[in-house]
Amino acid sequence: MKSFRAAAGAFLRRCVPVALSARIPVRAKARVRAILRIEPWPDLAVGHPLFRTPDYRALRERARPFDQFRKPYKPPIERGHQTSYLVSKWFAAAGVKTAFHAGYSNGRYLFYLGQAGLDCGGTDLELDEAPENQIPAAVFEARVLRRLLRADFFEMAPGQIAAVWDTLPIDVLFTEATFETLFPWRKEGFSVAKYRAAEASLRRTLLYERLPAKLAELGETFSNMIFIEPAPAAGGAGEVFGGCARALPAFQYSVWAFRPPFDRLFRLSPSEPTKQAVYAFVRDPAVLGPLRDFADRI
């Protein structure tokens, strides 16, 4: 089936003149692709009043630079904008002032957090290891760009973060679908080439040994840690983060499941049922207060 869809897509691109294709609206092309079932990543965005507010619509318009990373014949993916907005509203309502995003990809989360009044930064892989992680630099202020480090999270040292932040500890370290690249929840493949090429034993070492040790090493750098990653039963995620909890005795550990429709919004793939959960390690329980509006503790 997959090869048929690929062949159908290639056939359409050959048949439609480039000049004509350029004149067809992106959304119209997207509808045709959806009808023919050849869109490889259907949007997982949801209809909810939160995303119909004037505030969201205004921010979504200002976030257009993040859509440039899509191929021109594909529509923008709304899911990432919705998750970024939801998390930014959550952190702002909880009184979070500073946030560090491990795995910031193209920086979309940091844009929404910054618009919510948070001071942000983060770290991600080098561009030659993850070329899709290029950011639209013009969107960010110089002080934020200075804090967008290019270093594998597993190789980060507290001193690297302290060198670009005026005040420590940072209120929240967080991820959303960053460590999923290491968990074997997929039927096949990994989303980051660096880990796709790695031996299974190395990925297991990173999750079961290096991750708890790294979080313990960074424990004084962050007041709270929030990881939105594969649900506990997916690829051993519950066991991995349980190990992290044992390495962080000074933090209160809890796991949360998203309620509908947000559980669909925080799915990892349209073709597989795997959802994400919130793994929270907090010193300040107030950080979790707004989370109760759309998730339940499990």
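Any value given below was found using the heavy atoms of this structure, including those in side chains, with hydrogens, waters and symmetry copies removed.
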When rounded to the nearest 0.5 Å, the distance separating CZ of R79 from CZ of R264 is 11.5 Å

Can you tell if the side chain of F251 reaches within under 4.5 Å of the side chain of M225, non-hydrogen atoms only?
yes

Residue set satisfying side chain to side chain contact (heavy atoms under 4.5 Å, CB included) with P136, at least two apart, ordered chain then number -> P65, F66, Q68, F69, V139

When rounded to the nearest 0.5 Å, the distance separating SG of C120 from CD1 of I170 is 10.0 Å

_Let me check something: do L127 and I135 share a hydrophobic cluster, defined by ILVMFWY side-chain heavy atoms less than 4.5 Å apart, either directly or through other members?_
no

Show the numbers, then the answer: is there a salt bridge (Lys or Arg N to Asp or Glu O under 4.0 Å) between E220 and R283?
CA-CA 11 Å; E220 297 305 313; R283 286 191 174 100; 3.4 Å; yes

Could you check if a side-chain atom of F100 sits within less than 4.5 angstrom of a side-chain atom of L218, using non-hydrogen atoms only?
no

Result for ring-ring contact (aromatic ring centres under 6.0 Å, His included) between H101 and one of F222, F174, F227 points to F174

query = Can you check whether F153 reaches L173 side chain to side chain, under 4.5 Å on heavy atoms?
reply = yes

| said: Are F241 and Y253 an aromatic pair, judged by ring center distance below 6.0 Å? | reply: no

Which of N106, D124, L148 passes side-chain contact (heavy atoms from CB on, under 4.5 Å) with N133? It is D124

Minimal heavy-atom distance between L113 and A99, with the atoms involved, is CD1-CB, 4.3 Å

Residues at least two apart in sequence or cross-chain that pass side chain to side chain donor-acceptor pair (under 3.5 Å) with S254, listed by chain then number, are W256

Note to self: Between the side chains of D171 and K97, is the shortest nitrogen-to-carboxylate-oxygen separation below 4.0 Å, so that they form an ion pair?
What the structure shows: no

Rounded to the nearest 0.5 angstrom, the OH-OG distance for Y112 and S84 is 6.5 Å

Between the CG atom in L207 and the CG atom in L202, the distance rounded to the nearest 0.5 Å is 9.5 Å

Apply side chain to side chain contact (heavy atoms under 4.5 Å, CB included) to residues M156 and L149 and explain how you reach the verdict. CA-CA 10 Å; M156 286 290 300; L149 307 176; 3.7 Å; yes

Donor-acceptor contact present, side-chain R52 to main-chain R57, <3.5 Å:
no

Counting heavy atoms not belonging to R62, are there more than 12 under 6.0 Å from its CZ? no

Separation between CG (L291) and CZ (F91), nearest 0.5 Å, reads 9.0 Å

Are the side chains of L268 and F183 in touch, meaning some heavy atoms are under 4.5 Å apart? no

List the steps, then state whether side chain to side chain contact (heavy atoms under 4.5 Å, CB included) holds for W165 with T98. CA-CA 10 Å; W165 285 79; T98 53; 3.9 Å; yes

Taking the six-membered ring for Trp, is the centroid-to-centroid distance between F262 and H48 below 6.0 Å? yes

Expected output: side-chain R146 to main-chain E141 donor-acceptor under 3.5 Å:
no

Shortest non-hydrogen pair, C244 vs L215, comes out as SG-CD1, 3.8 Å

message: Taking the basic N atoms (NZ, or NE/NH1/NH2) and the acidic carboxylate oxygens, is any pair closer than 4.0 Å for R108 and E78?
response: no

- Task: Indicate, with yes or no, if F154 and F281 share a hydrophobic cluster defined by side-chain heavy-atom contacts under 4.5 Å among Ile, Leu, Val, Met, Phe, Trp and Tyr.
- Result: yes

- Message: Strictly distance-based, threshold 3.5 Å: is any side-chain N or O of R259 a donor or acceptor partner for the main-chain N or O of D293?
- Response: yes

**Q.** Backbone N/O of A102 and side chain of T175: donor-acceptor pair under 3.5 Å
**A.** no

Nearest heavy-atom contact between A286 and A94 is O-CB, 3.8 Å

Establish, yes or no, whether the cationic atom of R204 lies under 6.0 Å from the six-membered ring centre of Y208 and within 45° of the ring axis.
yes

Go through the steps to decide whether F51 and H81 satisfy the test side chain to side chain contact (heavy atoms under 4.5 Å, CB included), and finish with yes or no. CA-CA 10 Å; F51 308 118; H81 291 278; over 6 Å; no

All heavy atoms of K275 vs all of R267, minimum pair found to be CG-CG, 3.6 Å

Do E176 and T83 come within less than 4.5 Å of each other through their side chains, counting heavy atoms only?
yes

Check: Side-chain donor-acceptor pair under 3.5 Å between S88 and Q115, yes or no?
Finding: no

Does any N or O in the side chain of E239 come within less than 3.5 Å of the main-chain N or O of G236, such that one atom is a donor and the other an acceptor? no

Please tell me if the side chains of F258 and I228 come closer than 4.5 Å, counting only heavy atoms from C-beta onward. yes

- So do the side chains of I226 and L288 get within less than 4.5 Å of each other, counting heavy atoms only? yes

Nearest heavy-atom contact between P261 and V46 is O-CG1, 3.6 Å

Closest non-hydrogen contact found for V255 with P232 is CG1-CG, 4.1 Å

*Checking R147 side chain against V164 main chain: does a donor-acceptor pair fall under 3.5 Å?*
yes

D55 meets the side chain to side chain contact (heavy atoms under 4.5 Å, CB included) criterion, sequence neighbours left out, with T53, L59, Y85, K89

Distance col, row L50:CG vs L265:CG, nearest 0.5 angstrom, shows 9.5 Å

Between the side chain of E229 and the main-chain N/O of E180, is any donor-acceptor distance below 3.5 Å?
yes

**Asked** With a 4.5 Å limit on heavy-atom distance, are the side chains of Q82 and R60 in contact?
**Response** no

